[in-house]
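What you see below is based on every heavy atom in this structure, not just the backbone, and it leaves out hydrogens, waters and symmetry mates.
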Amino acid sequence: MNFSAADHAAMRRALRLAERGLYSTAPNPRVGCVLTRDGALVGEGWHRRAGEPHAEIHALRAAGDKARGATAYVTLEPCSHHGHTPPCADDLIAAGVHRVVAAMEDPNPQVSGRGLARLRAAGVLVETGLLEEAARELNRGFIARMTRGRPWLRLKIAASLDGRTALGNGESQWITGTAARQDGHHWRARASAILTGMGTVRKDDPCLDVRGVKTDRQPLMVVLDPRLELSPRARLFVSGAPVLVVSAVDDPISAAPLLEKGAECLCLPDAKGKIDLPSLMRELAARGVNEAHGEAGARLNGAFIAAGLADELLFYFAPCFLGDAARPLLALPGELTTLDERVRLAFHDIQPLGHDLRILARFANEAASKARVS
């Protein structure tokens with residue numbers, strides 16, 4: 001489909017608007033909308049948070065009567081069902097919008113083409129696919145939850161250039177610099193849940209909350225604690241963020257002090273008496289988690305990768321070496337006997353941050369073929 005330069009400019013603006021909801025829209029997708037008529041911008045808006053009006057409604061309200069005969073550029077197919085808000089497709093029709101350009105169809109089975117079909121049935125010219133990859137990138141988590149029933153899982157790892165995350169005695173603060181650590185809080189803020197393991201809590205006693213980023217919510221803190229050893233004095237309780245403790249044992253006595261701190265305890269054992277990771281991811285999806293952000297140690301990171309549950313790796317590499325005695329960034333089960341068995345990644349994004357380097361890598365079947373370096 002041939003889109004004009006004006007079409008591209010309007011959709012790029014809609015995508016920038018959608019990004020304003022990066023930290024606030026979950027469990028809903030991030031969506032932006034731009035209305036133009038006779039080459040002029042007449043209204044725009046973005047979805048701010050779940051339960052509030054969608055992007056199209058904000059744009060229509062801004063346009064008023066000028067919406068009649070306009071083109072609506074929307075980063076995601078307008079909804080066609082009643083949720084917390086009425087169908088946006090109906091509002092676009094009622095406003096007299098002449099043309100709708102959607103970057104992509106909505107992966108939500110309740111919508112998935114129905115909104116576009118409703119618009120076409122009402123005589124609205126509908127086109128799709130403009131800057132679709134950028135729109136998909138903005139909502140990887142929502143798409144993952146809708147299409148496969150589990151969140152998009154990102155594992156964050158700070159390491160030296162020789163792939164070490166801590167000294168042999170456990171000292172790790174700080175391998176990377178201030179800019180890298182600040183950047184990590186933006187990735188926390190966009191996630192609906194932050195995952196860590198009991199080993200990390202025991203070693204570092206992290207807060208795990210979002211700091212230095214303007215956000216009106218804290219992600220759910222998920223602690224994988226197989227034997228319910230988490231102390232109620234752990235620093236992660238300080239921020240007041242919701243805490244979910246996932247174990248492999250049903251132990252009401254050990255759970256009691258955690259419940260008193262306001263935590264929720266969930267027992268998800270597998271056949272080997274460990275935490276059932278696939279079940280955990282399905283549980284998080286059922287709770288509306290689009291993006292999950294892991295900050296754990298080598299064993300838990302390796303377990304997520306071995307289970308095929310990790311989608312991307314967020315590396316912060318510091319320009320230093322820690323040596324063979326230091327702790328590795330991953331512990332993958334088993335030993336490879338041929339290079340054909342290696343886990344393949346592709347660089348998706350590469351950015352310098354102060355003296356450090358941030359690399360976003362995805363597993364080869366999910367990754368973009370070309371890294372963006374700037």
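- The salt bridge (charged side-chain N to carboxylate O under 4.0 Å, His left out) search around Asp324 returns none, not counting sequence neighbours.
- The two residues Gly354 and Ala179 make their nearest non-hydrogen contact at N-CB, 4.0 Å.
- Remark: Arg235 engages no residue in a side-chain hydrogen bond (donor to acceptor under 3.5 Å, both in side chains) (not counting sequence neighbours).
- No salt bridge links Asp106 with Arg114; every basic N to acidic carboxylate O contact stays at or beyond 4.0 Å.
- Formation of a donor-acceptor pair under 3.5 Å by the Thr75 side chain with backbone atoms of Gly32 is found in this model.
- Gln182 meets the side-chain hydrogen bond (donor to acceptor under 3.5 Å, both in side chains) test with no other residue; sequence neighbours excluded.
- With hydrogens and angles disregarded, a donor-acceptor distance shorter than 3.5 Å links the side chain of Thr200 to the backbone of Gly297.
- Residues Gly21 and Trp46 approach most closely at N-CD1, 4.1 Å, considering heavy atoms.
- No side-chain donor-acceptor contact under 3.5 Å links Glu52 to the backbone of His47.
- There is a path of hydrophobic side-chain contacts, each under 4.5 Å, that joins Ile359 to Leu153.
- Judged as a side-chain hydrogen bond (donor to acceptor under 3.5 Å, both in side chains), and not counting sequence neighbours, Asp250 has no contacts.
- Taking the salt bridge (charged side-chain N to carboxylate O under 4.0 Å, His left out) definition, one finds that Glu283 meets it with Arg287, sequence neighbours left out.
- A salt bridge does not link Asp311 with Arg140: none of the charged nitrogens is closer than 4.0 Å to a carboxylate oxygen.
- The number of heavy atoms from other shown groups lying within 6.0 Å of CZ (Arg342) is above 12.
- Distance check, rounded to the nearest 0.5 Å: CG of Leu35 to CG of Leu92 gives 7.5 Å.
- The number of heavy-atom neighbours closer than 6.0 Å to CZ of Arg37, taken from other residues, nucleotides and ligands shown, is above 12.
- Residue pairs meeting the salt bridge (Lys or Arg N to Asp or Glu O under 4.0 Å) criterion with at least one member in residues 24-34, sequence neighbours excluded, are Arg30-Glu291.
- Between Glu137 and Arg362 there is a salt bridge, since at least one side-chain N of the basic residue sits less than 4.0 Å from a carboxylate O of the acidic one.
- Between Tyr23 and His186, the angle of the ring planes lies from 30° to 60°, which puts this pair in the tilted group.
- When the salt bridge (charged side-chain N to carboxylate O under 4.0 Å, His left out) test is applied to Glu19, no partner is found at least two apart in sequence or on another chain.
- Of all heavy-atom pairs spanning Leu309 and Arg150, the tightest one is O-NH1, 3.3 Å.
- Here the closest heavy-atom approach between residue Ile305 and residue Ala310 is recorded as CG1-CB, 4.0 Å.
- Taking the side chain to side chain contact (heavy atoms under 4.5 Å, CB included) definition, one finds that Ala318 meets it with Ile175, Thr176, Cys320, Asp356, sequence neighbours left out.
- Considering only residues two or more places apart in sequence or on other chains, Glu341 meets the side-chain hydrogen bond (donor to acceptor under 3.5 Å, both in side chains) condition with Thr337.
- Residues forming a salt bridge (charged side-chain N to carboxylate O under 4.0 Å, His left out) with Asp209 (at least two apart in sequence, or on another chain): Arg211.
- Across all non-hydrogen atoms, the minimal contact from Leu228 to Ser247 is CG-CB, 3.7 Å.
- Side-chain polar atoms of Ser160 and Asp162 form a donor-acceptor pair below 3.5 angstrom.
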Next on the checklist: Between Leu284 and Arg145, does the side chain to side chain contact (heavy atoms under 4.5 Å, CB included) criterion hold? Intermediate values first, please.
Outcome noted: CA-CA 9 Å; Leu284 293 179; Arg145 183 167 67 87; over 6 Å; no

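- Here salt bridge (Lys or Arg N to Asp or Glu O under 4.0 Å) pairs that include residues 5-17, with residues two or more places apart or in two chains, are Asp7-Arg99, Arg13-Glu44.
- Counted within 6.0 Å of CZ on Arg227, heavy atoms from surrounding residues, nucleotides or ligands total 12 or fewer; the atom is thus considered open.
- Within 6.0 Å of CD1 on Ile253 lie no more than 12 heavy atoms contributed by other residues, nucleotides or ligands.
- The shortest non-hydrogen separation linking Gly288 to Ser192 is O-OG, 4.3 Å.
- Taking CZ of Phe317 as the start and CG of Leu161 as the end, the distance is 7.5 Å to the nearest 0.5 Å.
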Output a table of donor-acceptor pairs, distance under 3.5 Å, between side-chain atoms of residues 56-70 and any protein atom two or more places apart or on a different chain; print 'none' if there are none.
| from | atom 1 | to | atom 2 | distance (Å) |
| --- | --- | --- | --- | --- |
| His58 | ND1 | Arg48 | NH1 | 3.4 |
| His58 | NE2 | Arg48 | NH1 | 3.1 |

